Every structure is written in structure tokens, then in C-alpha cells.
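Below is one structure, written out as C-alpha cells, with a few remarks after it.
Bear in mind the structure is a predicted one, so any value in this text is a computation, not a measurement. Start at 1 with the first residue, then count along the sequence.
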Amino acid sequence: MTTPEKYMARCIELAKLGAGNVSPNPMVGCVIVCDDKIIGEGYHQKYGEAHAEVNAINSVVHPGDLKNSTIYVSLEPCAHFGLTPPCSDLIVQKQIPRVVIGSIDPFAKVAGKGIKRLIQAGIDVKVGILDKECNELNKRFFTFHEKKRPYVILKWAQTLDGFIDIDRSSQYYGEPTWITGSKALLRVHKMRAEEDAILVGTNTAEKDNPSLTVRHCEGKNPLRVVTDKNLRLNKNLHLFDNSTPTLVFNSEKNGIEDQTEFVQIDFNRNVLAQILKTLHKKNCLSVIIEGGKQMLESFISENLWDEAHVFTGNKNFKRGISAPQLPGTPVSTEKIETDELSVFRNNL
């Protein structure tokens, strides 16, 4: 690893500390180096607050050193006035002579304008250091701006013999059929805390009565989303407990009742496209699809997914509802006690 790569790797490490707190902004880390020594560090900590570059510059003990420094940042410094002033202007103002950037910002109001501003000010700019890793860091942000939809993550648990549930009659509705253990459950809740929204279908809401919240770790609850075409779901379900915002896609009405928003869509047209378009308008960078089988297979068949997390528990059902099938092989596998997590990526 070269010296610039070493410092960019540190930027990425810092950026990840903002996971779950900065959306719809990207995660960004910044390091300031003078005489091959880090004199300042920062990352974007919370949406609407100071960006990584500002926090890094403010952390420098001797501001005069900035005129002899190199600032490393995982994403192109912004060039527009949003909730905060442009970071590219601050870098110019502080007379920092060298800037090393990981990846270019796809957001239309930036998209090369920050780099242009720096070069016009006579700053030495290098772009593309660990760009693959920097793009991976903000895959949600890039997908949101380039494809005009959230980053879609499929998630389900299945048995060793390939079932996601037993065949259940209505008398057994109300609780999910547990397949994996407590450590896998903790991983799921950590995942929820880092994503913007979570979607289930009518049958899953009715059968499992899920809360779709973060209860087993620290973090924010995702926006709960459910499809309920004819508004037949019981209002006593956890989804309607007003503990956190919930979005209901239906064919009957629009409106807001306490923490529940009803969005009317046309179920005779492309339902998934309408759902993703609405979530994009609501600035959701990502959405977890938690089921059930019909919902998951709809996203797979329409090739509207980016990543899949498949938990396999140490159980056999012998019969029941078969798990969805994904093309290809997992990019990674991990043992979680007696369970296994396989991660798939959709190479569109």
C-alpha cells in the first residue's frame, strides 16, 4: 500500500463511523497530513451537521500548518450551499495546497464542480486513490443518485433444507417462525439500524406481526413500509403502534394518521417501481426487503436488487415454504454461532 493509499484507507475507516446517522448524505472521512504526520481527522457525523473536511480542519491544533499540508478525503468536497457551506471553498480559504480525493461525487450539484473549484484556485488535486473502496463505501449514495432509486437489500432466513417457513394456518399467526439464533438476530438489528427503510408484504405483516424496529442494539429505526392493497391488515398489528413512522402502500387512499402514512398506488401497474420511486422521493438511500417469499421473488424476477443477505439456520423443516433462489454464488460467507450468513451481489 502506497502512502496516499494508507491515508485514504484511514479516511474510509473514519467515514464508516457515520453509518446510520448521515443519510441521505454520504459517509465521508477526512485526514490532514503535514510532513508525513496526521495533524487532523474528521468524518461526517450526522445529517445536517458539519462535513468531514470541516471537522478535520477544526481538529488541527496549529492552523498555520494547513498551508503546508495535504488533505485526504474519501469523496469529492462539495461545491454548493446546502445545509452547510461548500467544503471546497473552505479548503481554498485555508490555503491547503494539496487535495487527494477517493471518488467523484455523483450528486448533480457537485459532480466534478468541487474538483474544478479547487484546481481553479491553484490547488494540486489528485483523484481516484482507492476509488473502488470509496465507491463501495457509498454504494447506497451512488445507486440513489445514478439509478434514481434506493439501494435494495434482500434479506431472509432459511433452513438447511431450504425453507423459510412452515405451512401455517391462521391460528398460528402472530409470531415469526424462528430459524436462526440470537447472534444472527443481533446482526439483523444492526443491519436495520444502518439502512433507511424496511419493506414487507401483506402476508408477512399478518403472519409474523413484525415490529421492524431496532430493539437489540443501539441505532435509529428504519422507516417501516408495508404493502396492503385493500387495507385489510388489523390495526392492532405492531406496524401500527405509532412507535416509529410507517408507510402503507395501498389502492384506497392517501393520508396521514399519527405515525402512519397511506400512499395510494396503482396495483395494476409496476408496483415495485412505484414503491421505489416513492422511497426515492422520501430520500431513502436504502431499503431492506424482509419478505415474504412473494415479495422477495418479485424483486429477484424484476432484477431490482443490489445485495442479498441469506441467513441459514441449523434446522430442517422437511416441508413448508421454499426459500427464494438467487443466481450465482455468494461473494462472502460467515459463521454466526451455529448459523451461516451468505452475502450475494447483483452484478447488473
Under 3.5 Å donor-acceptor, Ser59 side chain and Gly40 backbone: no

Spatial distance of atom OG1 (Thr312) from atom CH2 (Trp156) [nearest 0.5 Å]: 9.5 Å

Ser301 (side chain) donor-acceptor with Ser298 (main chain) under 3.5 angstrom: yes

Worked verdict on Phe144 versus His280 for side chain to side chain contact (heavy atoms under 4.5 Å, CB included): CA-CA 7 Å; Phe144 181 86; His280 184 268; 3.3 Å; yes

Linked hydrophobic residues, Val214 as query - side chain contacts closer than 4.5 Å: none

Those residues that, when tested against Lys315, pass side chain to side chain donor-acceptor pair (under 3.5 Å) (two or more places apart): none

Val127 reachable from Ile119 in the ILVMFWY side-chain graph, under 4.5 Å edges: yes

Closest heavy-atom pair and its distance - Leu279, Pro150: CB-CG, 3.7 Å

Just list the side-chain donor-acceptor pairs under 3.5 Å for residues 90-98, sequence neighbours left out, or say none.
| from | atom 1 | to | atom 2 | distance (Å) |
| --- | --- | --- | --- | --- |
| Arg98 | NE | Thr70 | OG1 | 2.8 |
| Arg98 | NH2 | Asn68 | O | 3.2 |

Exercise: identify the closest heavy-atom pair between Cys134 and Ile12: SG-CD1, 3.9 Å

Value rounded to 0.5 Å, distance of CD in Glu297 from CG in Leu326: 10.0 Å

Test: Glu307 and Lys139 ion pair at under 4.0 Å: yes

Expected output: side-chain Arg224 to main-chain Thr213 donor-acceptor under 3.5 Å: no

Heavy-atom closest pair, residues Glu195 and Lys220: O-NZ, 3.2 Å

Backbone N/O of Gln45 and side chain of Glu49: donor-acceptor pair under 3.5 Å: no

Main-chain N/O of Ala184 paired to Thr180 side chain as donor or acceptor, under 3.5 Å: no

Hydrophobic cluster identity match, Ile104 and Val73, side-chain contacts under 4.5 Å: yes

Partner residues of Asp131 under the side chain to side chain donor-acceptor pair (under 3.5 Å) criterion, sequence neighbours left out: none

Hydrophobic cluster identity match, Val54 and Val100, side-chain contacts under 4.5 Å: no

Residue pairs passing the salt bridge (Lys or Arg N to Asp or Glu O under 4.0 Å) test where at least one lies in residues 179-189, sequence neighbours excluded: Lys183-Glu337, Arg187-Glu334

pair Val331-Phe344: side-chain heavy atoms closer than 4.5 Å: no

Backbone N/O of Phe141 and side chain of Asn138: donor-acceptor pair under 3.5 Å: no

Polar contact flag, side-chain donor to acceptor under 3.5 angstrom, Asn230-Asn250: no

N/O donor-acceptor pair under 3.5 Å between Thr202 side chain and Thr227 backbone: yes

Asn203: partners by side chain to side chain donor-acceptor pair (under 3.5 Å), with sequence neighbours left out: Arg232

Minimum heavy-atom distance between Ser88 and Leu118, given as atom pair plus value: O-CD2, 3.7 Å

Criterion side chain to side chain contact (heavy atoms under 4.5 Å, CB included) on Ile39 and His62, from CA distance to verdict: CA-CA 8 Å; Ile39 62 170; His62 302 293; over 6 Å; no

Of all pairs that satisfy ring-ring contact (aromatic ring centres under 6.0 Å, His included), the ones with a partner from residues 313-337, not counting sequence neighbours: none

Pairing residues for Asn236 by the side-chain contact (heavy atoms from CB on, under 4.5 Å) criterion, not counting sequence neighbours: Asn234

Exam field: side chain Thr244 to backbone Asn221, donor-acceptor pair closer than 3.5 Å: no

Pairs satisfying ring-ring contact (aromatic ring centres under 6.0 Å, His included), at least one member in residues 185-212, at least two apart: His189-His216

Residues Ser322, Lys293; criterion side-chain hydrogen bond (donor to acceptor under 3.5 Å, both in side chains); working and verdict: CA-CA 8 Å; Ser322 58; Lys293 178 182 171 73; 3.1 Å; yes

Tyr72 and Tyr7 aromatic ring geometry - parallel, tilted or perpendicular at 30°/60° bounds: tilted

Electrostatic pair Arg319-Asp161, nearest N-O below 4.0 angstrom: no

Side-chain cluster (under 4.5 Å, hydrophobic types only) that Val248 belongs to, other residues: Tyr151, Ile153, Met191, Ile198, Val200, Leu212, Val226, Leu231, Leu233, Leu237, Leu239, Phe240, Phe262, Ile288

Verify same cluster id: Ile71, Leu14 (apolar side-chain graph, 4.5 Å): no

Asn316 (side chain) donor-acceptor with Lys318 (main chain) under 3.5 angstrom: no

Heavy atoms of other groups near Glu302 CD, more than 12 under 6.0 Å: yes

Within one Ile-Leu-Val-Met-Phe-Trp-Tyr cluster: Leu154 and Ile275, side-chain cutoff 4.5 Å: yes

Gap separating the OG1 atom of Thr204 from the NZ atom of Lys207, nearest 0.5 angstrom: 7.5 Å

Closest heavy-atom pair and its distance - Ala79, Pro86: C-CB, 3.8 Å

Atom NZ of Lys6 with >12 non-hydrogen neighbours under 6.0 angstrom: yes

Within 6.0 Å of CG in Asp35, more than 12 heavy atoms from elsewhere: no

Glu76 and Lys113: CA distance, side-chain angles, deciding distance, salt bridge (Lys or Arg N to Asp or Glu O under 4.0 Å) verdict: CA-CA 9 Å; Glu76 175 185 2; Lys113 297 180 180 68; over 6 Å; no

Exercise: identify the closest heavy-atom pair between Asn135 and Phe142: OD1-CZ, 3.4 Å

Crowding at NZ, Lys132 (>12 non-hydrogen neighbours, <6.0 Å): no

Criterion side-chain hydrogen bond (donor to acceptor under 3.5 Å, both in side chains) on Asn314 and Asp339, from CA distance to verdict: CA-CA 6 Å; Asn314 190 28; Asp339 305 317; over 6 Å; no

Salt-bridge contact Arg140-Glu136 (side-chain N to carboxylate O under 4.0 Å): no

Close side-chain approach of Asn55 to His51, heavy-atom, < 4.5 Å: no

Polar side-chain atom of Asp208 near backbone of Pro210 as donor-acceptor pair, under 3.5 Å: no

Salt-bridge present (Lys67, Asp65; N to O < 4.0 Å): no

Would you tabulate the side-chain donor-acceptor contacts of residues 15-30 under 3.5 Å, counting partners in other chains and residues two or more places apart, or write 'none'?
| from | atom 1 | to | atom 2 | distance (Å) |
| --- | --- | --- | --- | --- |
| Ser23 | OG | Asp196 | OD1 | 3.1 |
| Ser23 | OG | Asp196 | OD2 | 2.5 |
| Asn25 | ND2 | His44 | NE2 | 3.1 |

side-chain contact (heavy atoms from CB on, under 4.5 Å) involving Asn268 - partner list, sequence neighbours excluded: Asp266

